[in-house]
Every structure is written in C-alpha cells, then in structure tokens.
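Single-structure report; data block below.
This structure is a prediction, so every number in the text was calculated from the model and none was measured.
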Amino acid sequence: MKRLKDLFKLQKQYNIYQKLNFLNENDNDFQTKDNNIKSLKANNSIQEEKEFNVGLIVIVLIIILITSTSYYLLVVLPQQQELQEHKNIKTDQLDSILNNDIQQDSNKQALQAQIDSAKTVEEVDKIDVYAQAMPIIKNQLQKDINQQKDKYDRVQVVTDNITNIYSTDEAKKYLNSLDVEQLSKTTIQKVDTQIIPLSLNRKQAASGLITEGDTVDIYNKQFENIEEENIKQEENNINQSDNDINQEEVNSTVDNNTTLDNNNITSNGMTSNKIVGGATVVSILRSKDSGVIDSNTELNQYPHTRNYSQTSKTDIQQILQSKASGTLDESQLKVIYEKYGYKLSNYERISNIGDLDTEYIIMLEVPSDKVDELINSMENIILTIPSYDAPSWVKLN
C-alpha cells in the first residue's frame, strides 16, 4: 500500500514535472517564435530601409542627372557655342588678312594658338587680330619693297587689282595710308612695264598740261547700255493700267517717265574705274594744227598818229622739217621749238582760252598686264594728275 502510494506520488510528481517541462517547452517555443518574428521584422525593417535608401539614392542621382543635363544644355553648351562662334570669327579675320606666305606662317600660328587657348568669350574678344597682324603685314611689305625695287628705285604696288608704280619712298608712304584689310590685299612686285602710245583728245589728256617725266593715273570710263525696250515696256504697262485715263494724261505720263529714264541714263549710265596709277609720261605729241602761227601786230603812236602793222606767219612743223633736213642751225631753233606744245598749253591755262579740239599722242610707261586693256579701251581712257605728285603750277592751299 505504501508502495502504491509512493508510486502514485511519483506518478503525480512526474506528471507535474512533465507539465512543467511542457510549459517550459511551450514558453521556449513561444520565445523562439517571438525572437524569429522580431528577427523577421528587423530584417524586413532593414530591407525596407535599404530599399528606401536605394530609392532615395536613385532619385537623387536622377535629379542630379536632370539638373546637370539641363545646366549643360541651357548654360554650358550655349556658352561653348558662343565661345566657338567668337573663335571662328577671329579665325576668319586671321585667315582673311594673313595669307599662306611662309614668312608669315609662324606669326599666324602664334595668333591662332592665342585664339584657341582663350577660355571665355571676353578673352577672345580682347584679342585684336587686326592690330596684331598689321605690323606683321607692313613689315613684310616693306621687306618686299627693298627686294623688288628696280634700278630706278621703283616698285610696282598692286592693291585690289589696281596697279601703281611708285618710288620706294612713295611706296612706303602709300603703305602707311592703308588699313590692315587693304594691306592684306596688297602685293609688291618688280616693275614690269611697257611703253605704249595712246591717242587722246584734250579732255582725255589732262588738258595737255603734262610733260615728260610727269606721273599720271589712268581711268577707264564705261557706259552702261540701257535698252530702249525697258522704256517702251514701261510705257505699255502705263497704258494697260490706265485705260480709263484721258489719252493726253497718258501721253504726258509717258513723256515724264521717259524723261526721267533719260536722266537716269545720263547720271547713272557711266561708271569709271582706275586701271593704272603712277604711270610715267615718256613723250607727248600735239596735233600740228597748233603749230601754225599767223599773227598781225598793229602799233599806234602818239602824238603824231602813226599806224604800224606787222604780219608774221610761222609753221612749226615746217621749221622742224627744215631742221631735220639740215637746212637750219640747231642753236637758232632751240629757243623756238623747245617744249613748244607744253608752253602753249600752259599759256592757254593762264589765259583760260585754248583750242579744245587739239589731239595728242602720249607715250606712257604702264604695267605689262594692263597693255591690252588700255589699247582696247583707248576711246574711254582719261588721264588724271595725282595731287601727291602734281606739277609746280598746281596750288592746293
């Protein structure tokens, strides 16, 4: 019995222990589960935080990318384009005034490097290409003057296809009068000339007031042909548009328009361009009609009235022929015929009366490349006297 009681007691203790173990196990399981839940929640929280951070970083990167792209497109790119445009302008200026001459190449590269190295538009704009290139071009042209001068100390200067023949001193003065763009279009050449005869009337021949050794500029006046059909077409247009106008008014309108067009032909139908500058006059022949002299001198003497008349007739051409045949002595003729034509023109200038129908043949030294043009346009040529080398009788003050 006692054993049975002990057995029940032991069984009871076992059950209680078993229950306690069960409870203990349940508590451990619950705690484990709770820990797992907490761990899972923590992991989820960490994962969510990571995802949030990643998303935030992505958004920030997108914003930075958009901002950077917008800044580049709206600010940087226009600035670069503007900078490049200003550089291109300076480069074009440089190319236009400095050619590919070997002696100018290093200077051109230095200026180009200065343009390329500029970082801002302001730096580019501060580069004065013309001011820096001008002494380079001028020094080169002055060297060319010293190298190309002929035995008469002259050079041939070509600017914009206009040829001038200068002494070296005059050439240097001429270069000083040009701006950088004109200097860039100027070349110095050896004098390559020919002496050609030009048959000119008095108006074309600078009124005959030139002599051997003088310098003249040669211009070509060109008449622009305006077709009469333009006037007729205008008349037809007026007639078509004004059918209801009185015929007399139409005729008056046509006449007025025709007169206006004729005025335009007169005022705008002629142009002139310089062919040669600095051409030297080698010789002048004046038409022989000017050499016929028929004078009648009458003298009245007082208090006793006496009339004295003297008649003389001289033909310079006949005198020259006599001299050429050896009939007359040189010393007797020199006073008579030396520079007779120029003296006559000068006296006519002083008296303001002259023979306007006089013809001249003038021998001129001109550049070889202008000979054909001068010969073909002889009727439209006009000689002018440049003021920088004007005769002594010219008073400009």
Side-chain angles (χ1 to χ4, degrees), residues 68 70-150 153-192 215 217 219 271-278 367 369 386-389 396:
S68 301
S70 301
Y71 179 78
Y72 177 78
L73 294 176
L74 298 177
V75 179
V76 177
L77 185 59
Q79 288 180 348
Q80 290 181 348
Q81 290 176 344
E82 184 181 8
L83 178 61
Q84 189 59 45
E85 288 175 358
H86 283 248
K87 287 184 177 181
N88 291 338
I89 292 173
K90 295 294 181 179
T91 300
D92 291 341
Q93 292 176 354
L94 183 62
D95 291 337
S96 66
I97 60 178
L98 286 181
N99 54 35
N100 295 324
D101 190 285
I102 296 176
Q103 297 181 1
Q104 294 182 355
D105 189 57
S106 60
N107 295 310
K108 182 177 181 180
Q109 290 179 358
L111 284 174
Q112 186 63 58
Q114 186 178 351
I115 294 171
D116 295 337
S117 62
K119 302 299 182 184
T120 63
V121 173
E122 290 74 15
E123 290 181 10
V124 175
D125 291 340
K126 287 181 181 179
I127 301 174
D128 194 340
V129 174
Y130 290 155
Q132 296 188 48
M134 188 166 185
I136 298 173
I137 301 173
K138 187 177 290 187
N139 290 337
Q140 181 59 45
L141 291 174
Q142 289 176 346
K143 290 180 181 178
D144 292 341
I145 289 175
N146 295 328
Q147 294 174 355
Q148 302 295 334
K149 64 182 179 180
D150 63 4
D153 211 27
R154 302 176 308 169
V155 291
Q156 194 165 289
V157 183
V158 181
T159 303
D160 283 336
N161 201 33
I162 298 174
T163 304
N164 294 276
I165 300 174
Y166 295 120
S167 66
T168 55
D169 291 338
E170 289 293 341
K172 291 176 181 178
K173 292 179 181 178
Y174 173 73
L175 293 182
N176 291 331
S177 68
L178 302 179
D179 59 32
V180 65
E181 292 186 2
Q182 292 172 321
L183 286 172
S184 66
K185 299 175 183 177
T186 300
T187 57
I188 307 297
Q189 302 173 353
K190 282 188 176 296
V191 176
D192 179 17
T215 298
D217 293 339
Y219 286 83
T271 60
S272 63
N273 64 292
K274 187 176 181 179
I275 303 176
V276 177
D369 59 347
S387 58
Y388 68 84
D389 196 15
L396 299 177

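- A donor-acceptor contact under 3.5 angstrom links the side chains of Lys274 and Asn164, judged on distance only.
- Separating the CG atom in Leu111 from the CD atom in Gln93 is a distance of 11.0 Å, to the nearest 0.5 Å.
- Looking only at distances, a side-chain donor or acceptor of Thr120 sits under 3.5 Å from a matching main-chain atom of Glu123.
- Annotation: the span from Ile127 atom CD1 to Gln112 atom CD amounts to 9.5 Å, rounded to 0.5 Å.
- Distance check: Ser184 OG to Leu141 CG gives 9.5 Å after rounding to the nearest 0.5 Å.
- Atoms CD and NZ, on Glu85 and Lys90 in that order, are 14.0 Å from each other to the nearest 0.5 Å.
- Scored by the side chain to side chain donor-acceptor pair (under 3.5 Å) test, Asp153 finds Thr168 as partners (sequence neighbours excluded).
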Set out, in order, the CA-CA distance, both residues' side-chain angles and the distance that settles side chain to side chain contact (heavy atoms under 4.5 Å, CB included) for Tyr72 and Gln80, then state yes or no.
CA-CA 10 Å; Tyr72 177 78; Gln80 290 181 348; 3.9 Å; yes
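- Remark: Lys108 engages Asp95 in a salt bridge, criterion side-chain N to carboxylate O under 4.0 Å.
- Applying the side chain to side chain donor-acceptor pair (under 3.5 Å) criterion to Asn139, with sequence neighbours excluded, gives no partner residue.
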Pair Lys138, Asn176 - check side chain to side chain contact (heavy atoms under 4.5 Å, CB included), show working.
CA-CA 8 Å; Lys138 187 177 290 187; Asn176 291 331; 3.5 Å; yes
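- Between Asp217 and Pro386, the shortest heavy-atom distance links the atoms OD2-CB, 3.7 Å.
- A salt bridge does not link Lys190 to Asp150: none of the charged nitrogens lies less than 4.0 Å from a carboxylate oxygen.
- Taken from CD1 in Ile137 to CG in Leu178, the straight-line distance is 11.0 Å, to the nearest 0.5 Å.
- Defined by atom type and a distance below 3.5 Å, a donor-acceptor pair is missing between the side-chain atoms of Gln156 and Thr163.
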Let me see the working for Tyr130 and Glu181 under side chain to side chain contact (heavy atoms under 4.5 Å, CB included), right down to the final yes or no.
CA-CA 8 Å; Tyr130 290 155; Glu181 292 186 2; 3.2 Å; yes
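- Under a 3.5 Å cut-off, the side chain of Lys185 and the backbone N or O of Thr159 do not form any donor-acceptor pair.
- Taking 4.5 Å as the limit, some side-chain heavy atom of Val276 sits within range of a side-chain heavy atom of Pro367.
- Between Ala171 and Ile145, the shortest heavy-atom contact is CB-CD1, 3.8 Å.
- A donor and an acceptor atom, one from each side chain of Tyr174 and Thr186, are nowhere located under 3.5 Å apart.
- A donor and an acceptor atom, one from each side chain of Asp128 and Gln132, are nowhere located under 3.5 Å apart.
- Between the CD atom of Gln109 and the CG atom of Leu98 there is a distance of 11.5 Å, given to the nearest 0.5 Å.
- Checking side-chain atoms of Gln182 against main-chain N and O of Asp179 turns up a donor-acceptor pair under 3.5 Å.
- Counting only distance, with no hydrogens or angles, the side chain of Lys149 and the backbone of Asp144 share no donor-acceptor pair below 3.5 Å.
- Residues Ile115 and Val129 form a side-chain contact, since some pair of their non-hydrogen atoms from C-beta on lies under 4.5 Å apart.
- Residues Asn146 and Gln142 have side chains that never bring a donor and an acceptor to within less than 3.5 angstrom of each other.
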